Participant: 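The structure's right below; bear with me while I get my questions together.
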Amino acid sequence: MANDIQAIRGMKDLLPDQSHAWQYVENVFRNLMSSYGYSEIRMPIVEKTDLFKRSIGEVTDIVEKEMYTFEDRNGDSLTLRPEGTASCVRACLEHGLLYNQTQRLWYSGPMCRHERPQKGGYRQFHQVGVEAFGMAGPDIDAEMILLSARLWQVLGLKSVVLQINSLGTPETRAVYRTQLVEYFTKNSEQLDEDSQRRLNTNPLRILDSKNPAMRELIDAAPNFFDTIDEESMRHFDGLKRYLDEAGVAYQVNPRLVRGLDYYTKTVFEWVTDKLGAQGTVCAGGRFDGLVAQLGGKATPAVGFALGIERLLALLEEDGQESPVQDNHAYLVLVGEEARHKGLLLAETLRENVPGIRLMTHCGDGSMKSQFKRADKSGAQIVLLIGEQEIQDKVVSVKFLREDEPQTTMTQEAVIDFLKARVINQSQANILI
C-alpha cells in the first residue's frame, strides 16, 4: 500500500546523510558569533499575529500573502514566525534587555512562509540571524558586513557580491514615495499585476521587481539619492569608508529596498547569479524605528539574516564540500561475552577520549558482516574483541584506510592511541 502521508509541500525532511553539512555550517556560524562577542537568544516559533503586522507592515507580501496564520482554541490569532527580527525585538522588550544597554545577539531556527517552493527556497526554511541594539553609527553596520564577509571566507564561498544602499529616514522616504507614485502612475500601463497592486500601498517594492519587461522603466525611475537627507548621507558615506578601508568590495544599488517596512538608512544584500531567481544569500540593514514601533524606547538597531538551505545550495554550486563527520572507529564484537565487554569498553573510551566518534556493533552478525558494516560506515579503524582478545585482555586494532599491519593493545594503550588520532586527525573516521 502506497504511503499517502507525506511531508507538506515546501517542507523538507533533513536526512542523516545531509545533516553533517548542516552541522558544519551551524558550527562555523556559532564559532564566528562567539569570536565577535555575540550572545545567542532563542525565541518561540509561534507569535501573536499582530506582532508581524505592526513590524513587517500590513501591505507587504509577507503579511498579505505568505504568513501561516490561525486561531488557537482561545480565539487568539497566532502566526508561525515568517522572520526573526520582530520576535527578537519583542523578546528584548519583554525581558528588559534594551534598558540603558547595548546588545549583540544571534539566533537560528525555522521560519515559515507560504511561497512557491524552488531550489534553495522552501515554505519552512531555516535562518540564522544577527541583531545589534543601541549603536547608532555606521561602525556597527560595517561590523555586520565584515562578519558576513568573514563567514564567506571561512566557508570558502567566492560567488557572492555585496550590494549596499541607504533608505534614509522615514520622512525623506515619504517624499521619495510621493515621487515614485507620481512617476509610476504616469507609466501605469507598463506595470505588471504585482506592481499595480503595490503602487498605492508599497511603491518602493516596485523597484525590487524581478520582471525583466519592467527593467527599463525601473531604471528610469527617480533616484532616492536626489532626496536623501544630509544625516543619512553622512551615515552612508561613513559606512563606505569603513568598507573601503577594510578592503571589502561593494556595489551601490539605489534600487535595493528590501521587502520589510521597518528598514531605515543602511540596507545590504549579498547576492549571487548561481541560484536563479533566489539570488539573495544574506540580507539586512538598519531598523532604527522598530523598537519604538513595538512599544519600547527609540533604539538604534541593525541586523541581517541568511537562509541555511540557500547557503548550502550555493556551496554545492560553488563546488565547496563540508567536512564529512564519519566515525573514528567501529567496534567489532564476536561472541556473547564480547558484546558485554565491548559495550563497557565503548563507554570507557567515550569518557576518556574527548571528541571521539565511536560506533559499537549491536545485535548478531558474523565477523565478516561486521567488517562490511565498519567499512560502509567510513571508519578508519576497527577495534576487534573476540574470545582470544578476552582471554589475553587486549583489543585487536585493524586499519581500514591505511597500509598498516593489524596489532593488539591493552585497553589503556587503546585510549592513548585513540586520543592521538582524534587530536592529530580531527577529520579521521573511526567506528568502534
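Only a predicted model underlies this, so the values are computations on that prediction, with no experimental measurement involved.
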Participant: Should E40 and R42 count as an ion pair when the cut-off is N to O under 4.0 Å?
Facilitator: yes
Participant: Salt bridge or not between K274 and D318? Use side-chain N to carboxylate O under 4.0 Å.
Facilitator: yes
Participant: May I have the step-by-step check of ring pair (Phe, Tyr, Trp, His ring centres under 6.0 Å) for F236 and F225, ending in yes or no?
Facilitator: CA-CA 11 Å; F236 192 57; F225 284 105; 5.6 Å; yes
Participant: Test salt bridge (Lys or Arg N to Asp or Glu O under 4.0 Å) on R421 and D416; report intermediate values, then the result.
Facilitator: CA-CA 9 Å; R421 289 184 71 88; D416 293 335; over 6 Å; no
Participant: Just checking Q411: does its CD atom have more than 12 heavy atoms from other residues, nucleotides or ligands closer to it than 6.0 angstrom?
Facilitator: no
Participant: Quick one, K158 with E317, criterion salt bridge (Lys or Arg N to Asp or Glu O under 4.0 Å). Give me CA distance, side-chain angles, the key distance, then yes/no.
Facilitator: CA-CA 11 Å; K158 297 185 174 122; E317 289 290 332; over 6 Å; no
Participant: State plainly whether the residues E193 and R197 are in salt-bridge range, i.e. N to O under 4.0 Å.
Facilitator: no
Participant: Can you give me the closest heavy-atom contact between P82 and M111, atom names plus distance?
Facilitator: O-CB, 3.8 Å
Participant: Who pairs with E404 by salt bridge (Lys or Arg N to Asp or Glu O under 4.0 Å), at least two apart in sequence or on another chain?
Facilitator: none
Participant: CG of L15: more than 12 outside heavy atoms within 6.0 angstrom?
Facilitator: yes
Participant: Please determine if E26 and R30 form a salt bridge, counting it only when a charged side-chain N lies under 4.0 Å from a carboxylate O.
Facilitator: no
Participant: Tell me, do N165 and F268 make a side-chain contact under 4.5 Å, heavy atoms counted?
Facilitator: no
Participant: Please test E143 against Y242 for side-chain hydrogen bond (donor to acceptor under 3.5 Å, both in side chains), starting from the C-alpha separation and ending with a verdict.
Facilitator: CA-CA 9 Å; E143 180 179 274; Y242 279 114; over 6 Å; no
Participant: Is the closest basic N to carboxylate O distance between K240 and D141 below 4.0 Å?
Facilitator: no
Participant: When rounded to the nearest 0.5 angstrom, what is the spacing between CG in N352 and CG in L418?
Facilitator: 10.5 Å
Participant: Restricting to non-hydrogen atoms, name the atom on L51 and the atom on A86 that form the minimum distance, rounded to 0.1 Å.
Facilitator: CD1-O, 3.8 Å
Participant: Check the pair N253, I164 against side-chain contact (heavy atoms from CB on, under 4.5 Å), reporting the backbone distance first and the verdict last.
Facilitator: CA-CA 6 Å; N253 179 3; I164 62 173; over 6 Å; no
Participant: Salt-bridged, R339 to D364, with N to O below 4.0 Å?
Facilitator: yes
Participant: Do L384 and V395 pass the side-chain contact (heavy atoms from CB on, under 4.5 Å) test, and can you show the C-alpha distance, the side-chain angles, and the key distance before you say yes or no?
Facilitator: CA-CA 6 Å; L384 169 64; V395 178; 5.9 Å; no
Participant: Consider only side-chain N and O atoms of N211 and D192, and report whether a donor and an acceptor are under 3.5 Å apart.
Facilitator: yes
Participant: Please give me the minimum heavy-atom distance between Y24 and V154, naming the atom from each residue.
Facilitator: OH-O, 4.2 Å
Participant: In terms of side-chain heavy atoms, does S396 have a donor or acceptor partner in T408 at a distance below 3.5 Å?
Facilitator: no
Participant: Backbone N or O of A379 within a donor-acceptor pair of the R401 side chain at under 3.5 Å?
Facilitator: yes
Participant: Write down the atom of G37, the atom of R104, and the distance for their closest heavy-atom approach.
Facilitator: O-CB, 4.2 Å
Participant: Just by distance, do the side chain of Q103 and the backbone of L97 share a donor-acceptor pair under 3.5 Å?
Facilitator: yes
Participant: Run the numbers on F29 and W106 for ring pair (Phe, Tyr, Trp, His ring centres under 6.0 Å), then give the verdict.
Facilitator: CA-CA 10 Å; F29 191 83; W106 73 274; 5.7 Å; yes
Participant: Check the pair D288, R286 against salt bridge (Lys or Arg N to Asp or Glu O under 4.0 Å), reporting the backbone distance first and the verdict last.
Facilitator: CA-CA 6 Å; D288 292 341; R286 295 201 70 88; 3.0 Å; yes
Participant: Testing the 3.5 Å rule here: is there a donor-acceptor pair between the side chains of S148 and W270?
Facilitator: yes
Participant: Go through the steps for R54 and V63 under the test side-chain contact (heavy atoms from CB on, under 4.5 Å), then give the verdict.
Facilitator: CA-CA 10 Å; R54 290 173 58 186; V63 172; over 6 Å; no
Participant: By the definition side-chain hydrogen bond (donor to acceptor under 3.5 Å, both in side chains), identify the one residue from K12, E115, E309, R113 that meets it with Y122.
Facilitator: K12
Participant: Is there a donor-acceptor pair closer than 3.5 Å between any side-chain N or O of N27 and the backbone N or O of Q23?
Facilitator: yes
Participant: Under the criterion side-chain contact (heavy atoms from CB on, under 4.5 Å), I'd like the reasoning laid out for M43 against Y107: C-alpha separation, chi angles, the key distance, then a yes or no.
Facilitator: CA-CA 8 Å; M43 301 88 65; Y107 51 84; 3.8 Å; yes
Participant: Assess, by modelled atom type and distance only, whether the side chains of E336 and H340 contain a donor and an acceptor separated by less than 3.5 Å.
Facilitator: yes
Participant: Taking 4.0 angstrom as the limit, do K53 and E47 come out as a salt bridge?
Facilitator: no
Participant: With distance as the sole criterion, is a donor-acceptor pair present between the side chains of Q391 and E389 under 3.5 Å?
Facilitator: no
Participant: Closest heavy-atom contact between S77 and T49?
Facilitator: OG-OG1, 2.7 Å
Participant: Compare every heavy atom of L207 with every heavy atom of R215, then report the nearest pair and how far apart it is.
Facilitator: NH2-O, 4.1 Å
